[in-house]
Each structure stands twice: as C-alpha cells, then as structure tokens.
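The structure under discussion appears below in the form of structure tokens.
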Amino acid sequence: MLPGHVLLDHHGAIVQADDGFGALLMTPAARLRGCDVLSITAPADREECCEAIAALKATGKPFDIVKRFIRQDDTVLWVRNSVSRMLVQHQDLIVATCTPVLEPIARHAPGDLLHTAQVQVQMVEAQSSICHPFPLAGPSWPALLQVYIAEAEGRIMDIDMLAVSLGQSRTLINRYVTALVGSGVLEVETRSLDPDVAKAYRLTTGAVHRLEDYLLKFAAPVTR
C-alpha cells in the first residue's frame, strides 16, 4: 500500500483526503471529508494522538507517531503518521502523511508466543522440584547451572569463578552458595587443608538427578 495524505482543521475534522488515504481506510476519499479523525483512530491510541496534536498546536514542531486506524470493514491498520502544520489558502491546517507499517512476523503466530510463555511458566514452577524455591532466587539458579556445566566439562567451579561468570560480587555469590549447600543442592568438591586453596563445589547426587530430569523434560531437539 502507498502512503496517504490528509488535511485536518484544528478540531481534528478531515478537510481533504487524497485517494491514497482513502485506499488505506478502504473508503472513498470524498466520503471522509468532515469526519473526525479520532473516530477512525483506535480507541487506545486516541489520548496519545490528542496530546501530540496539542503539542503541535502549542509549539509548531512536527512529530511522528505510530497509531492504528479502524477501517470500514473493522480491520485494524498500523500506520506511521508524519504530522505538521501547513498554511493552505490562508488556512492554518494540519497535514499528515500516513505510511502503512508492516506488522512483525510474530503478530501472525500468537499461538506460538502463548505456548512459549506457558512453557516458561512451567519451567519456573518445575525448578521447585530441584530444591525449595527460595534458594533458587537471585543468582542461585544460574549458579547451579554453571556448577553443573563445569562438572560436565571436567572443570572446577569455585566462588571467585562463579562471581566472574555471573557478574556478581564475591560476597553475594558466597551467600547464595552457602544457602544452596545448606539446602542439599551443592556440596564441597575439594576438601584441601591448604587455607590458600579455594573450595570448589559440585551438585549433590540427588540434585544432579533432579536437575537432569528437569532438563530432559524441557529439552529441545538438537540439530547437528
């Protein structure tokens, strides 16, 4: 669809519309003359439009706005309006150039987005099967995953490594790791008597089983 152009008076009534604007609204341009532009604007967008027009009248500064028009068949059309003031035959009018806005692909698959949101909620709820929800607050959940990944890759993970990996302070990570140890989710992997050697952590056997059950439940197919 091509852009459309419309002239409005300062009360929002359409003084003149071209054929392009009529095509956008699916209405002959001549029939739009005298129509209140707010009446063909989506109700949820009207307040923002009124505020923008008021600012234009006060300052004369042009503006762009993305809004929705309600067309003759009750369908909704998104447009980008470029709006300014114009002197036409000694009349101070408002001119708007309306360009259709293509909708994102996601708008055509609301069911897929709903399913994704539902799965995200299920994933959060299922975390409680690994341990009580409270210890998984804050950085606990990403810390738990980092420890699991490190062990699976044959690496160790201590407090300092977790702090760097998660972008958090050592003090904060230490507090949450202590909570996870107290909940039976993590345990000390190395028990060196050397006071200069940092303790590394791993998941307890029970936590590993529960986490892997969780990961299997929500695993996506892997394409190689």
Side-chain angles (χ1 to χ4, degrees), residues 42-45 47-48 51-52 64-68 76 78 80 101-224:
D45 297 340
E47 182 178 356
E48 182 182 5
E51 291 175 353
D64 281 4
I65 189 171
V66 175
K67 60 180 284 186
R68 289 159 287 187
V76 174
W78 283 90
R80 179 178 299 278
V101 175
L102 296 179
E103 298 183 62
I105 293 175
R107 290 185 180 274
H108 298 285
D112 292 341
L113 299 180
L114 173 61
H115 175 69
T116 300
Q118 290 170 334
V119 170
Q120 292 292 320
V121 170
Q122 293 169 9
M123 291 175 72
V124 172
E125 292 174 345
Q127 290 174 12
S128 63
S129 66
I130 301 170
C131 72
H132 188 276
F134 173 73
L136 292 184
S140 294
W141 177 246
L144 184 155
L145 293 176
Q146 289 285 355
V147 172
Y148 175 81
I149 292 169
E151 186 174 358
E153 294 178 346
R155 299 181 287 108
I156 64 169
M157 186 63 71
D158 61 27
I159 298 293
D160 289 331
M161 293 173 181
L162 279 172
V164 172
S165 178
L166 301 178
Q168 302 287 348
S169 70
R170 187 185 191 283
T171 300
L172 179 67
I173 295 300
N174 185 64
R175 183 162 68 247
Y176 278 94
V177 166
T178 299
L180 289 170
V181 171
S183 298
V185 177
L186 296 183
E187 63 184 4
V188 176
E189 183 176 23
T190 55
R191 300 179 183 275
S192 173
L193 295 178
D194 187 338
D196 295 326
V197 175
K199 292 185 290 186
Y201 294 87
R202 64 186 176 197
L203 271 69
T204 62
T205 301
V208 168
H209 292 326
R210 295 192 295 274
L211 177 59
E212 290 184 340
D213 286 344
Y214 168 90
L215 295 174
L216 283 170
K217 180 177 179 180
F218 297 104
V222 178
T223 302
R224 295 184 183 279

Next on the checklist: Tell me every residue that passes side-chain contact (heavy atoms from CB on, under 4.5 Å) with Ser165, counting only those two or more places apart in sequence or in another chain.
Outcome noted: Gln146

Checklist entry - Can you check whether Leu162 reaches Val147 side chain to side chain, under 4.5 Å on heavy atoms? => result yes

Next on the checklist: Any heavy-atom pair between the side chains of Val177 and Leu186 that's under 4.5 Å?
Outcome noted: yes

State the [atom1]-[atom2] distance between [X] and [Y], to the nearest 0.5 angstrom.
| X | Y | atom1 | atom2 | result |
| --- | --- | --- | --- | --- |
| Ile156 | Glu151 | CD1 | CD | 12.0 Å |
| Met157 | Leu203 | CE | CG | 11.5 Å |
| Leu180 | Leu144 | CG | CG | 6.5 Å |

Of all heavy-atom pairs between [X] and [Y], which one has the smallest distance, and what is that distance?
| X | Y | value |
| --- | --- | --- |
| Leu166 | Pro142 | CD2-CB, 3.7 Å |
| Tyr214 | Gln127 | OH-NE2, 3.8 Å |
| Ala198 | Asp158 | CB-OD2, 3.7 Å |

Next on the checklist: For residues 166-175, which residue pairs pass the side chain to side chain donor-acceptor pair (under 3.5 Å) check, not counting sequence neighbours?
Outcome noted: Asp160-Arg170

In chain order, what residues pass the salt bridge (Lys or Arg N to Asp or Glu O under 4.0 Å) check against [X], with sequence neighbours excluded?
| X | answer |
| --- | --- |
| Glu153 | Arg155 |
| Arg210 | none |
| Asp45 | Arg68 |

Checklist outcome for this item: side-chain contact (heavy atoms from CB on, under 4.5 Å) test vs Leu211 passes for just one of Leu215, Asp213, Val208, namely Leu215

Checklist outcome for this item: With sequence neighbours left out, the residues meeting side chain to side chain donor-acceptor pair (under 3.5 Å) with Glu212 are Tyr148

